[in-house]
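For reference, the structure discussed in these notes is given below.
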Number of protein chains: 2
Amino acid sequence: MKESTVTAYDRFLSMNGLRDTKQRRLIFETFMEQNEHLTAEALYHILQKDLPQIGQATVYRTLKLLCENGFAHELSLHSHGGHAQSSYFEPTLAREHHDHLVCTQCGRHLEFHNEVLETLQEKIAEEYSFELTSHTHVLYGKCKNCHS
Amino acid sequence: MKESTVTAYDRFLSMNGLRDTKQRRLIFETFMEQNEHLTAEALYHILQKDLPQIGQATVYRTLKLLCENGFAHELSLHSHGGHAQSSYFEPTLAREHHDHLVCTQCGRHLEFHNEVLETLQEKIAEEYSFELTSHTHVLYGKCKNCHS
DNA sequence: ATAGATGCAAATGGTTTGCAGCTAT
DNA sequence: ATAGCTGCAAACCATTTGCATCTAT
């Protein structure tokens, strides 16, 4: 049974002694109900529908706080060799852990999860005496539709 | 037996009908003899010792060409949650394929390689009908020295 | 001769920051 | 009352690009 969003928000605030503001609450709630990872800018546009005067800086600041407190993950899914692109963010609560497949042609994103792989990573970290906190694993290639 | 650097350079040129210039040659040779991944700026500083008037743009342009032709890999090793950081580049020839462990505290980078993991990735890609071309796999955590 | 390469400086674009005013406590 | 937040605009910084000049072919 997942923790209710209200409780999670309270926990988020109290973890850092943050104040409860309408911007912060709206960002938290809106972000947490996303099923797909999204960019800070995409989130900003969604938020504007509810609170037109909200600022991008507030969105970035809040996302950063969410990441630092384990409520969000930041992803770099840009195909290397391309130009700078924005990070994606995804809520960690209410979502199983997963990694990504990215099509370098059409940009499509798929998620995958593999337990063997997860275990293997832990073994590798252990081998190097690393205390593993997170990982980035992205497979690049051409998706079904793009390789003729 | 590895291909000699001269031959590789010629191949690099002819693959794209590029001209042989002293900047291009110097960048290619200097980059190819690096054992560690490095940033475009770090490479630029090394190059300046041999060719003080070389421009950053030329370094970036050449690295991009190297990436597009499989002579270099671009890596994003920045610990998420931090600010924008530069990409790292590493030569692909004369180096075995490997992935990275990054210490989020001291920034130390270690390399690892695991065959089971490589095979597993191919299986996953196949499962999703992806034609795999590359991957990014970075494990973040605290290294031996940093976790008390 | 001429298409391509270079270096410079300016532009880009995602993200961060300084600051003056606003608001939760 | 006051420390924390917000929105704005300016600053940042890695990377890219336009352009006039130079150079390999």
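So that the names make sense, note that chain A is the first sequence line, chain B the second, and so on, each numbered from 1.
- The backbone N or O of Asn145(B) sits nowhere less than 3.5 Å from a side-chain atom of His147(B) that would complete a donor-acceptor pair.
- Shown for residues 35-54 of chain A: no residue has heavy atoms falling under 4.0 angstrom of DNA chain C.
- Formation of a donor-acceptor pair under 3.5 Å by the Ser14(B) side chain with backbone atoms of Arg11(B) is found in this model.
- Per the geometry, NZ belonging to Lys64(A) stands 13 Å off C1' belonging to dG14(C), to the nearest Å.
- Checked against salt bridge (charged side-chain N to carboxylate O under 4.0 Å, His left out), Glu111(A) has the following partners two or more places apart in sequence or in another chain: Arg95(A).
- Per the geometry, CG belonging to Leu63(B) stands 15 Å off P belonging to dA14(D), to the nearest Å.
- Under the rule for a salt bridge (charged side-chain N to carboxylate O under 4.0 Å, His left out), Arg108(A) has no partner lying at least two apart in sequence or in another chain.
- Taking the six-membered ring where the residue is Trp, Phe12(A) and Tyr9(A) present tilted rings, their angle falling between 30° and 60°.
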CA sep, side-chain torsions, deciding dist, call: His97(B), His113(B), side chain to side chain contact (heavy atoms under 4.5 Å, CB included): CA-CA 7 Å; His97(B) 167 70; His113(B) 179 77; 3.9 Å; yes
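- At least one donor-acceptor pair under 3.5 Å links the side chain of Thr133(B) to the backbone N or O of Tyr140(A).
- Between Tyr60(B) and dT16(D), a side-chain N or O to OP1/OP2 separation shorter than 4.0 Å is absent.
- Environment of CD in Glu96(B): sparse, with no more than 12 heavy atoms of neighbouring residues, nucleotides or ligands closer than 6.0 Å.
- The shortest distance between the side-chain N/O atoms of Gln23(B) and the OP1/OP2 oxygens of dG7(C) is below 4.0 Å.
- Side-chain nitrogen and oxygen atoms of Ser86(A) include none within less than 4.0 Å of the OP1 or OP2 phosphate oxygen of dG13(C).
- Between Phe12(A) atom CZ and dG4(D) atom C1' there is a gap of 14 Å when expressed in whole angstrom units.
- Side chain of His135(A) to backbone of His137(B): no donor-acceptor contact under 3.5 angstrom is found.
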For nucleotides 18-20 of chain C, give me every protein contact, N/O to N/O, under 3.5 Å, one pair per line with atom names.
none

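- Heavy atoms of other residues, nucleotides or ligands lying less than 6.0 angstrom from CD of Glu118(B) number more than 12.
- Between its two ends, the helix from dA1(C)-dT25(D) to dT25(C)-dA1(D) turns its axis by 20°, counting five pairs per end and rounding to 10 degrees.
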Worked verdict on Leu110(B) versus Phe130(A) for side chain to side chain contact (heavy atoms under 4.5 Å, CB included): CA-CA 10 Å; Leu110(B) 294 181; Phe130(A) 255 65; 3.6 Å; yes
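- Hydrophobic clustering (ILVMFWY, side-chain heavy atoms < 4.5 Å, transitive): Met32(A) and Ile46(A) are in one cluster.
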Please tabulate, one pair per line, each protein N/O and nucleotide N/O from nucleotides 21-24 of chain C that are separated by under 3.5 Å, including the distance.
residue : atom : partner  : partner atom : Å
dA24(C) : N3   : Arg19(A) : NH1          : 3.2

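- Residues Phe89(A) and Arg24(B) both approach DNA chain C. Their nearest nucleotides, taken by heavy-atom distance, put Arg24(B) toward the 5′ side.
- Annotation: Phe31(B) is not in aromatic contact with Phe71(B) [ring centroid separation under 6.0 Å not met].
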